[in-house]
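FYI, the numbering just counts along the sequence from 1. Computed from a prediction, not measured in an experiment: that's the story for all the values here.
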Amino acid sequence: MATAVTTARPVNRRRRIRRFMPPQHGAWAMLLLPYVVGVALVGPRWPHLPLLGAWLAGYLLSYYAFQAIKTRRPRRFADQLLAYGLGTAPLAATVVLARPAVLWYAPIYAALLAVNVGYAWSRRERALLNDLASVAQSCLLLFIVAAIAEMSPARVVPAFVTLLLYLVGTVFYVKTMIRERGNARYNRLSVGFHLAALAVAAWLDALLVPVFLLLLIRAGVLPARRLRPAQVGAIEIVCSLLVLVVVLIAL
């Protein structure tokens with residue numbers, strides 16, 4: 001009996017943790033990459049710490065809010081909404097009080113979140129436009145980081161364009177590997193976008209070319225192979241680290 005109770009406790013604990021953690025492991029790279037690049041480019045300031053907390057807690061809050069909208073069952077996610085709402089609000093308020101200039105970006109985020117809400121309501125959260133809206137939100141964080149450092153937005157524009165190219169390309173590529181596997185149209189769209197991204201990257205800085213060439217090869221070759229989602233994710237972790245390093249060196 002004691003053994004059974006001891007075994008049940010870790011299982012129940014894991015279940016409780018899973019209730020509060022979205023099963024979207026790939027989202028963390030998209031969340032952290034712009035933040036790390038931005039802070040490295042403009043230099044750390046103390047409001048960057050509550051910004052990170054508000055950014056991560058806000059993502060978790062939005063995930064469960066969209067689940068509540070999608071399922072039409074908000075009470076099912078009440079615990080998560082309360083926990084992450086209470087975490088996000090004071091951290092976000094700290095950032096706004098310290099640097100009110102960040103509010104200039106609020107209308108843009110509101111419009112992009114409206115896109116997410118619309119797709120959640122229609123239960124089409126895997127739609128391409130919905131993914132692109134999420135990518136735009138992530139990349140715009142670079143400008144929030146710059147505003148906190150009281151620097152011109154121009155300082156992070158090249159990094160913004162680079163990360164936008166990488167993350168949008170990743171959306172296309174991952175779809176060709178999982179949900180749109182075998183879809184010739186998506187394959188052409190993915191490869192075409194990566195070709196355009198390579199050209200823009202070369203215009204921004206020649207040091208970006210090797211990484212974007214590698215991303216193009218990935219987009220052209222890997223969809224023909226049957227990789228498991230875990231393998232696709234592992235490859236993307238490596239790619240995101242390469243993009244991080246080259247952006248910090250080149251820009």
Side-chain angles (χ1 to χ4, degrees), residues 25-45 48 51-52 55-56 59 102 104-105 108-109 111-112 115 128-177 186 189-222 232-251:
H25 308 299
W28 296 103
M30 186 175 72
L31 289 167
L32 292 173
L33 187 58
Y35 176 85
V36 173
V37 168
V39 171
L41 289 178
V42 305
R45 307 290 194 277
H48 286 143
L51 172 66
L52 178 60
W55 179 242
L56 298 180
Y59 160 70
V102 300
W104 285 106
Y105 299 95
I108 304 175
Y109 274 98
L112 293 169
V115 173
L128 176 60
L129 183 58
N130 191 51
D131 290 340
L132 296 181
S134 297
V135 166
Q137 293 169 41
S138 180
C139 292
L140 283 169
L141 186 67
L142 282 160
F143 295 109
I144 304 295
V145 170
I148 286 175
E150 299 180 312
M151 284 196 168
S152 168
R155 176 67 183 92
V156 296
V157 166
F160 169 79
V161 174
T162 302
L163 295 188
L164 189 66
L165 292 173
Y166 165 60
L167 291 173
V168 170
T170 297
V171 168
F172 289 128
Y173 159 70
V174 170
K175 285 186 180 296
T176 65
M177 297 300 293
Y186 252 96
L189 185 61
S190 176
V191 172
F193 180 86
H194 280 84
L195 279 169
L198 176 60
V200 175
W203 176 74
L204 287 172
D205 196 296
L207 291 176
L208 298 174
V209 171
V211 170
F212 276 85
L213 180 59
L214 179 64
L215 295 174
L216 171 61
I217 294 171
R218 171 207 64 175
V221 173
L222 293 186
V232 175
I235 291 170
E236 281 314 295
I237 290 174
V238 174
C239 289
S240 64
L241 291 175
L242 289 174
V243 171
L244 171 62
V245 171
V246 76
V247 166
L248 295 182
I249 292 173
L251 305 178

List the atom of [X], the atom of [Y], and the distance in Å for their closest heavy-atom pair.
X: Ala133; Y: Val115; answer: CB-CG1, 3.9 Å
X: Ala159; Y: Val37; answer: CB-CG1, 3.9 Å
X: Ala149; Y: Arg45; answer: O-NH2, 3.6 Å
X: Ser190; Y: Ala219; answer: OG-CB, 3.8 Å
X: Tyr105; Y: Pro153; answer: OH-CG, 3.9 Å
X: Pro210; Y: Ala206; answer: CD-O, 3.7 Å

Can you tell me how far [atom2] of [Y] sits from [atom1] of [X], rounded to the nearest 0.5 angstrom?
X: Thr170; Y: His194; atom1: OG1; atom2: NE2; answer: 6.0 Å
X: Leu208; Y: Leu213; atom1: CG; atom2: CG; answer: 12.5 Å
X: Leu132; Y: Leu112; atom1: CG; atom2: CG; answer: 10.5 Å
X: Ile148; Y: Leu51; atom1: CD1; atom2: CG; answer: 4.0 Å

Determine whether [X] and [Y] make a side-chain contact, defined as any pair of heavy atoms from C-beta on separated by less than 4.5 Å.
X: Tyr186; Y: Leu128; value: yes
X: Thr176; Y: Leu189; value: no
X: Glu236; Y: Arg218; value: yes
X: Phe193; Y: Tyr173; value: no
X: Leu41; Y: Met151; value: no

- Item | Sequence-distant partners of Leu52, side-chain contact (heavy atoms from CB on, under 4.5 Å), two or more places apart | Leu32, Tyr35, Leu56
- Task: Would you please classify the geometry between the Phe143 ring and the Phe160 ring as parallel, tilted or perpendicular, with 30° and 60° separating the classes?
- Result: tilted
- Item | Among Val209, Thr162, Val157, the one residue meeting side-chain contact (heavy atoms from CB on, under 4.5 Å) with Leu204 |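 For Leu204, the side-chain contact (heavy atoms from CB on, under 4.5 Å) test succeeds with only one of Val209, Thr162, Val157, which is Thr162.
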- Query: Looking at Ser240, Pro34, Ser138, Pro158, which hits side-chain contact (heavy atoms from CB on, under 4.5 Å) with Leu163?
  - Reply: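 When side-chain contact (heavy atoms from CB on, under 4.5 Å) is applied between Leu163 and each of Ser240, Pro34, Ser138, Pro158, only Pro34 qualifies.
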- Query: What residues, two or more places apart in sequence or in another chain, satisfy salt bridge (charged side-chain N to carboxylate O under 4.0 Å, His left out) together with Arg155?
  - Reply: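 Arg155 satisfies salt bridge (charged side-chain N to carboxylate O under 4.0 Å, His left out) with no residue once adjacent residues are dropped.
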Got a list of side-chain donor-acceptor pairs under 3.5 Å for residues 244-251, not counting sequence neighbours?
none

